[in-house]
Amino acid sequence: MRHGLGWIGLGAFLWGTAGLAGKVLITRHGMDPLVIGAWRLAISAPVLILAAIWESRSQQAPVKSRWKWGWMWVFGLAVAGYQVGYFSAVDRTLVSTATMLTVCTAPLVVAILARALLKEQLSISTLVALAVGLAGTVLLLGAEGLAGLTDSRLMTGNALALFAALCYGGYTLVGKHLLADAPPFRVLAVAFSLGALLLSPVIRLPEPSKEAWLLLCYLGVIPTAVAYLFYMHGLRRSTATRAAVVALLEPLTAALLALVFLGERLTLAGWVGAGLLLSSLVLMQWRPESVGKEQEPRQKTG
């Protein structure tokens, strides 16, 4: 379990680097956020397909039944929906508000639906870590994000951010479901290819700049393809709820990178929030052996 959370943490760390690259593409090269999201899927799909081919050659993967393709389409729709919802929200509300609604709502959606649909057990440590992590995220993103919740002019953007959170929760749960019978890299290759196909109408070529293309390739390969490979590999060894909590490392990474490379500053509340987020990750690792044994089925002895 802990090994799985480590892979999820690595994936979330890489997700956090996407904001820095995206901001440069928007400010320096005038790219639309939604177009950036479409390029992320389009560039990541071939990398994931290669990973799936390597996976199939290294081990015998089970053959999926026909109904699994329906779930693959749901996964692809959710991935595409997340890109559309989040980047459209950023364009229609405050960035901090969109991030807060998406990042904070998604773990709650996952926790509730995982309990109802996947019958996942929620331990006390997981619930405490979830509460601490969400509080830390709110403090880290600051009062500006909260202010955006009460502005009636931003309601459309806020609703799109909530839609993005539902899509995130949806593909986490569907991904967990698919991993019961299918290898993780194949799931990602099919789902992201479908997502890229769905978003292909919005793709526009960037300006002829080496920096723009390098940043797009970085976004597609590192914080998308590689990050999701790490995430799905870890999700196979973890519960969906615990994975959603550890994924809160993403806004923490983004905030610290902005602090170092963009000269942004954290308020006292922001530093407290960062500390709470780190505390939630520590709580995710706390799992007494006695608790683990109690959850395992007892074996009869002769």
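A distance-only check finds no donor-acceptor pair linking the side chain of Ser193 to the backbone of Ala45 [under 3.5 Å]. When atom types are taken as modelled, the side chain of Glu207 and the backbone of Ala212 share no donor-acceptor pair closer than 3.5 angstrom. A donor-acceptor pair is defined here as one N or O able to donate and one able to accept, closer than 3.5 Å; no such pair exists between the side chain of Ser280 and the backbone of Leu130. Trp7 places no side-chain N or O within 3.5 Å of a backbone atom of Met232 that could act as its donor or acceptor partner.
Note: Leu5 CG to Arg242 CZ = 5.0 Å, rounded to the nearest 0.5 Å. Rounding to the nearest 0.5 Å gives a distance of 11.5 Å between CG of Leu219 and CG of Leu14. For the atom pair Ser238 OG and Lys176 NZ, the distance stands at 6.5 Å (nearest 0.5 Å). The structure places CZ of Arg40 at 5.5 Å from CD of Gln83, a figure rounded to the nearest 0.5 Å. With rounding to the nearest 0.5 Å, the separation of CG in Leu249 from CG in Leu277 is 8.0 Å. Of the inter-residue distances, the one linking Ile222 atom CD1 with Ser44 atom OG reads 11.5 Å to the nearest 0.5 angstrom.
With contacts defined as side-chain heavy-atom distances shorter than 4.5 Å, the pair Leu77/Leu198 qualifies. Taking 4.5 Å as the limit, every side-chain heavy atom of Trp213 sits out of range of all side-chain heavy atoms of Pro208. With contacts defined as side-chain heavy-atom distances shorter than 4.5 Å, the pair Glu211/Leu214 does not qualify. Under the 4.5 Å side-chain criterion, counting only non-hydrogen atoms from C-beta, Leu101 is not in contact with Phe163. You'll find the side chain of Pro107 reaches within 4.5 Å of the side chain of Leu134, heavy atoms only. In this structure, the side chains of Pro206 and Leu216 come closer than 4.5 Å at one or more pairs of heavy atoms. Residues Leu248 and Leu252 have side chains not in contact (no heavy-atom distance under 4.5 Å, counting atoms from C-beta outward). Side chains of Val79 and Tyr228 form no contact here, defined as non-hydrogen atoms less than 4.5 Å apart.
The shortest heavy-atom contact between Gly4 and Arg237 is CA-CB, 3.9 Å. For Leu113 against Leu173, the heavy-atom pair with the smallest separation is CB-CD1, 3.1 Å. Closest of all the heavy-atom pairs between Val109 and Gly169 is CG1-CA, 4.3 Å. Of all non-hydrogen atoms in Ala161 and Thr102, the two that sit nearest each other are O-OG1, 3.3 Å. Smallest separation of non-hydrogen atoms from Cys167 and Ala78: CB-O, 3.4 Å. Cys104 and Thr137 get closest at one heavy-atom pair: SG-CG2, 3.7 Å.
The environment of Phe13 atom CZ is sparse: at most 12 non-hydrogen atoms of other residues, nucleotides or ligands sit within 6.0 angstrom.
Leu235 and Val245 fall within the same hydrophobic cluster, defined by Ile, Leu, Val, Met, Phe, Trp and Tyr side-chain heavy atoms under 4.5 Å apart, directly or through other members. Follow the hydrophobic side-chain contacts under 4.5 Å out from Leu229 and you reach Trp54 in the same cluster. No continuous path of hydrophobic side-chain contacts links Ile112 to Ile124 [ILVMFWY only; heavy atoms under 4.5 Å]. Linking ILVMFWY residues whenever their side-chain heavy atoms come closer than 4.5 Å, directly or via other members, places Leu205 and Leu41 in the same cluster. Each of Leu194 and Ile49 belongs to its own hydrophobic cluster when Ile, Leu, Val, Met, Phe, Trp and Tyr are linked at side-chain heavy-atom distances under 4.5 angstrom.
Under 3.5 Å, the side chains of Tyr168 and Thr105 contain no donor-acceptor pair of N or O atoms. Judged purely by distance below 3.5 Å, without hydrogens or angles, the side chains of Arg92 and Thr156 never pair a donor atom with an acceptor atom.
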Step-by-step side chain to side chain contact (heavy atoms under 4.5 Å, CB included) determination, Ile203 to Trp39: CA-CA 7 Å; Ile203 284 187; Trp39 273 111; 3.5 Å; yes
Side chain to side chain contact (heavy atoms under 4.5 Å, CB included) between Thr224 and Ile43, worked out: CA-CA 9 Å; Thr224 307; Ile43 293 173; over 6 Å; no
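When the options Tyr82, Tyr231, Tyr86, Phe230 are evaluated for a ring-ring contact (aromatic ring centres under 6.0 Å, His included) with Trp15, the one that passes is Tyr231.
By the 30° and 60° cut-offs, the orientation of the rings of Tyr171 relative to Phe75 is parallel.
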